[in-house]
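Please read the structure below before turning to the comments.
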Amino acid sequence: MFLEVFAILLALGLLMLFAYRGFPVIVFAPIFTLLAVVISGKALLPSYTEVYMTNAASYIKTYFPVFLLGAIFGKAMELSGAASSIAHAIVRSLGSKRAMLAVVLACAVLTYGGVSLFVVAFAVYPFAAAIFREGNIPKRLIPGTIALGAFTFTMDALPGTPQIQNIIPTAYFGTDAYAAPVVGIIGGALIFAAGLYWLERRRKQAELAGEGYGDNHKNEPEAAEETNYPKLWLALLPLALVLVLNFLLSRGALTVTTWYDEELLQSFNIANVKSVSSIWALIIALTVGVIAALCINVRQVKGKLAAGLTAGAMGALLAIFNTASEVGFGNVVKTLPGFQAIQNGIHSMNGAPLLSEAVSVNLLAGITGSASGGLSIALEVMSKTYLDAANAMGISPELLHRIASMASGGMDTLPHNGAVITLLAITGLTHRQSYKDIFAITIIKTVVVFALAAVLTVIV
């Protein structure tokens, strides 16, 4: 049994190491998967073609529309100038005295509206640099500030967020994007308050030490050109459309669950419409959002649309194939003998499915360096066990959804996380300079998730 468990841990460790060093997950996930298979003494080629590839393809079939439309929506907001217009308005309205709050809110509005995390970082950074320079705040604090606004409470805690981390659990628990709203709002508020406290504390420490913005930084942005930005109310319109339509189509008067009769759905092998309704709702909402984002500033978009759509589509392809590779990895691992021992260890917390779920999702998100990847692996492997335990204890599936979603955005931001590496590259900073604050935000997020899971386990 030791060798069989070692095979899995070795494969996970190598995947983490190679991802940290910048090697593509899409290439090395199957290699390390098959290494674990060989060490475990299982059939090599059947594990690859019938387990790895089958499950990777199934994931792509389910979530590709969300990845593609999310990437295109973000690109449309970027091309039209809407993302920059919103970020500029928030940052300038609060001023340099509240620079950190302004940057966090700018990121939060864009992320909650459905704009990709990567696009948010690109859009907000020029204004963050300008206002930090004006307030004489060290530039090294910008990545942590952007991370708090974009990678935490609006990514997976607040109900209704269209980010993929909040959509994945719907297929496993029959919920929608607004699952457990009270828990999500409380968790989001705690993360926001604690994260902002940490960042302001770091700013005051730097001020007392006489440290300012600094000189000779890399990737310093040029002065932003504001003349082509759409008006703020127009820039907010696509975000509002996505949020409102997603709500109406998920659980409002226009809910897609009533659009087709049961007999028709069964002819498409859809046994439970709730397993797909959240994805249907988001597909429609994002499509309308894309059209609106392109229409609010046609002159700005004209001539850039083809290249922008290509870039968005390529980004979506890379993101979903990386995640699908990790899902394939997880599904092969769960067939190996050593996984049963690991699973038993995680499930040893008898009577605490919420805590067990938080542990497994957080652990796998941290190892893979991907919130969506770790979440998908954990739920693909263990969601039925959690759901059965929760039903037996009278725990709502909505709570399983919210805890799983929030846990995915905890330890995923370890140094090898793609979003962290991209954020540091955008700002021209290094792990040595800025990762301490990103990691602090990560710890805050993780502590809040486990605290919520513990409290809910006691009171539910």
Side-chain angles (χ1 to χ4, degrees), residues 58-73 76 112-115 154-185 236-293 295 316 320 372 375-376 379-380 383-384 386-388 390-391 394-406 460:
S58 177
Y59 183 88
I60 293 170
K61 171 258 180 189
T62 302
Y63 294 110
F64 180 66
V66 176
F67 274 81
L68 179 62
L69 287 169
I72 290 176
F73 178 63
Y112 191 65
V115 179
T154 52
M155 184 179 82
D156 52 43
L158 295 186
T161 176
Q163 298 296 331
I164 190 66
Q165 293 81 3
N166 188 43
I167 302 302
I168 289 172
T170 63
Y172 296 94
F173 299 129
T175 51
D176 57 41
Y178 295 86
V182 175
V183 173
I185 291 170
L236 288 169
L237 180 61
L239 303 183
L241 284 172
V242 171
L243 292 173
V244 171
L245 279 175
N246 190 33
F247 176 80
L248 292 176
L249 295 169
S250 294
R251 57 168 61 183
L254 303 177
T255 175
V256 294
T257 58
T258 62
W259 286 16
Y260 306 102
D261 61 54
E262 187 175 334
E263 185 178 347
L264 175 64
L265 292 175
Q266 288 178 351
S267 70
F268 287 91
N269 296 319
I270 300 173
N272 183 4
V273 69
K274 288 186 177 181
S275 66
V276 293
S277 59
S278 290
I279 294 175
W280 287 354
L282 190 54
I283 287 172
I284 297 171
L286 284 173
T287 300
V288 173
V290 168
I291 295 170
C295 290
I320 194 166
S372 56
L375 177 62
S376 298
L379 295 187
E380 188 70 33
S383 60
K384 188 177 185 305
Y386 294 138
L387 192 56
D388 289 344
N391 287 335
I395 297 174
S396 169
E398 292 201 358
L399 293 178
L400 287 173
H401 172 133
R402 187 56 54 207
I403 292 298
S405 181
M406 291 182 66
V460 174

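Since the model is a prediction, treat every value here as computed from it, not as a measurement.
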Indicate the atoms forming the closest heavy-atom contact of [X] with [Y], along with that distance.
{"X": "Leu375", "Y": "Ala404", "result": "CD1-O, 3.5 Å"}
{"X": "Asn391", "Y": "Pro397", "result": "OD1-CG, 4.4 Å"}
{"X": "Pro159", "Y": "Ile185", "result": "CD-CG1, 3.8 Å"}
{"X": "Ala180", "Y": "Glu398", "result": "N-OE1, 2.8 Å"}
{"X": "Gly160", "Y": "Asn166", "result": "N-ND2, 3.9 Å"}
{"X": "Ile283", "Y": "Pro65", "result": "CD1-CB, 3.6 Å"}

Gap between atom [atom2] of [Y] and atom [atom1] of [X] - 0.5 Å precision:
{"X": "Ile291", "Y": "Leu241", "atom1": "CD1", "atom2": "CG", "answer": "10.0 Å"}
{"X": "Arg402", "Y": "Asp156", "atom1": "CZ", "atom2": "CG", "answer": "8.0 Å"}
{"X": "Leu254", "Y": "Ile284", "atom1": "CG", "atom2": "CD1", "answer": "9.5 Å"}
{"X": "Ile168", "Y": "Gln163", "atom1": "CD1", "atom2": "CD", "answer": "11.0 Å"}
{"X": "Ser372", "Y": "Ile167", "atom1": "OG", "atom2": "CD1", "answer": "12.5 Å"}
{"X": "Lys384", "Y": "Phe173", "atom1": "NZ", "atom2": "CZ", "answer": "12.0 Å"}

> Can you check side chain to side chain contact (heavy atoms under 4.5 Å, CB included) on Phe73 and Leu239, steps first, answer last?
Replying inline: CA-CA 10 Å; Phe73 178 63; Leu239 303 183; 3.8 Å; yes
>> With side chain to side chain contact (heavy atoms under 4.5 Å, CB included) as the criterion, how do Thr161 and Met155 come out once you've worked through the C-alpha distance, each side chain's angles and the decisive distance to 0.1 Å?
In response: CA-CA 7 Å; Thr161 176; Met155 184 179 82; 5.8 Å; no
>> Measuring only between side-chain heavy atoms, which start at C-beta, is Val288 closer than 4.5 Å to Val242?
In response: no
> When you look at Leu243 and Tyr112, which way does the side chain to side chain contact (heavy atoms under 4.5 Å, CB included) test go after all the steps?
Replying inline: CA-CA 8 Å; Leu243 292 173; Tyr112 191 65; 3.7 Å; yes
>> Looking at Ser405 and Gln165, would you say the former's side chain and the latter's main chain have a donor-acceptor pair under 3.5 Å?
In response: yes
> Does the side chain to side chain contact (heavy atoms under 4.5 Å, CB included) test come out yes or no for Trp259 and Leu249, once each step is laid out?
Replying inline: CA-CA 10 Å; Trp259 286 16; Leu249 295 169; 3.6 Å; yes
